[in-house]
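This report concerns only the one structure given below.
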Amino acid sequence: MSVPVYLDHNATTPVASEVAEAMSIALRKSFGNPSSAYPLGQAAAEQVAVARNAVASLIGAKAENLVFTGCATEANNLALLGVASACTPNKRHLVISAVEHPAVMAPARQLEAQGWRLTIVPVDEAGRVSVEAVVDAVRPDTALVSIMLANNEVGTLQPVADIAKQLDNSDVLLHTDAAQAVGKIAVDVEALGIDLLTIAGHKFQASKGIGALYVRQGTPIRQILFGANHERGLRPGTENVPAIIGLGVAAELAAKRLAQANTAMRDRRDQLHQLLSASIPGLSLNGHFEARLPNTLNVSFPYVSGQALLNAASDTVMASVGSACHAGESAPSGVLGAMGLDTQRALGAVRLSMGWDTTQDEIATAAAALVHAWRHLAYGA
Ligand code: PLP
């Protein structure tokens, strides 16, 4: 039996062979501690520096403004809790969107439990915040606005650069969780005008266990873990050298392949949408039609539950309902709820996310299996 087509790249991506090769060499040979003064340690430190340059260059940042973390969740926690910790008592208000990943939502709720005021800005039916609503939510005591760049479930892109322009002359900091955006669309910290930006390695062909936070020079932020002085004191703990090297290689690959991969993923995404729409009357797209990640297709199948559909097609397709972190839960996704979808449509939703190397044949195979499963479930055909 052939391997099912993998259409869940928003959950995680395969590790690129170049990344695996570089990590394997690092695991075997570059085991030195970058803090050690002798050549083995300094060679590891040099490789970490090379990787930092590559990741920084991918997002138009300076290497010294990048902090490596254990994952995107940790980067988001550092952004929110680290900024909060550096704030004066008269700045204890935070603004986020209603469709943030739990890795932002949960630390925001944690701050709320500690007495911070939290404003959650609603989204429209396409999953977008309005720039005006975000700016209107800002008050004299606002310390930080955190709005994701791309949504993990529906792929909708938020108007982060426009929000940044509006906040330009204020002392309010702007963080964006770009975990889903980096490696899929061009991301440039200067063009975005943000102060803090989160990266997730395993969403663009690096390994799990590595993320990064971009922190603009001069941003008031304090560490949330306490230990030695790694990562300019912002993230103590001996560096995960193999994973950092892998992240650097993934960043180089992304820089080389992004333009072509972006177009290829968009073509596959639209091919899949067309194939499904042609055979499934009433199929509806969730998310913004245009302002959307090129790889993400979230559609609601009528009359069936998305999970039942994926179970029925599981020999042929791997995909998910909602984000992977909620897999196993049958309640409709909070993101689709925030977009105002009714329960039936939300429960019928499936997220299909393409990768750099997804082929037309894989899309044709996956579409045929999904249509077959849908006909069987909806009509017993
Ligand atoms: N932010 C977004 C938008 C995500 O999609 C994810 C993972 O799905 C995360 C943060 C958390 O990433 P990780 O689990 O690697 O920490």
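Residue indices begin at 1 and follow the sequence shown. Both counts, for ligands and for their atoms, begin at 1 and track the order of listing.
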Which option wins on minimum heavy-atom distance to atom 9 (C) of ligand 1: H101, E74, E100?
H101
Verify side-chain hydrogen bond (donor to acceptor under 3.5 Å, both in side chains) between N76 and D177, making sure each step is shown before the conclusion.
CA-CA 7 Å; N76 284 341; D177 175 357; 3.0 Å; yes
In short, ring-ring contact (aromatic ring centres under 6.0 Å, His included) pairs touching residues 194-252 with sequence neighbours left out are none
What atoms in ligand 1 come closer than 4.0 Å to a heavy atom of H202?
13 (P), 15 (O)
Positive for side chain to side chain contact (heavy atoms under 4.5 Å, CB included) with V55, one of I244, I210, V182, L66
L66
Suppose I only count heavy atoms of N152 and a 4.0 Å limit; which atoms of ligand 1 are within that range?
3 (C), 5 (O)
Would you find more than 12 non-hydrogen atoms of other residues, nucleotides or ligands less than 6.0 Å from E18 atom CD?
yes
Where's the contact between A72 and ligand 1, heavy-atom distance under 4.0 Å: side chain, backbone, both or neither?
both
R117 side chain reached by R139 side chain, heavy atoms, under 4.5 Å:
yes
For ligand 1, is there an N or O atom under 3.5 Å from any N or O atom of T73?
yes
Check each atom of ligand 1 against the heavy atoms of M148 and keep those under 4.0 Å away; list them by number with element.
3 (C)
Got a sec, which residues hit side-chain hydrogen bond (donor to acceptor under 3.5 Å, both in side chains) with E100, two or more places apart in sequence or on another chain?
S97
Under 4.0 Å from a heavy atom of K203: give me the atoms of ligand 1 that qualify, with their elements.
6 (C), 7 (C), 8 (O)
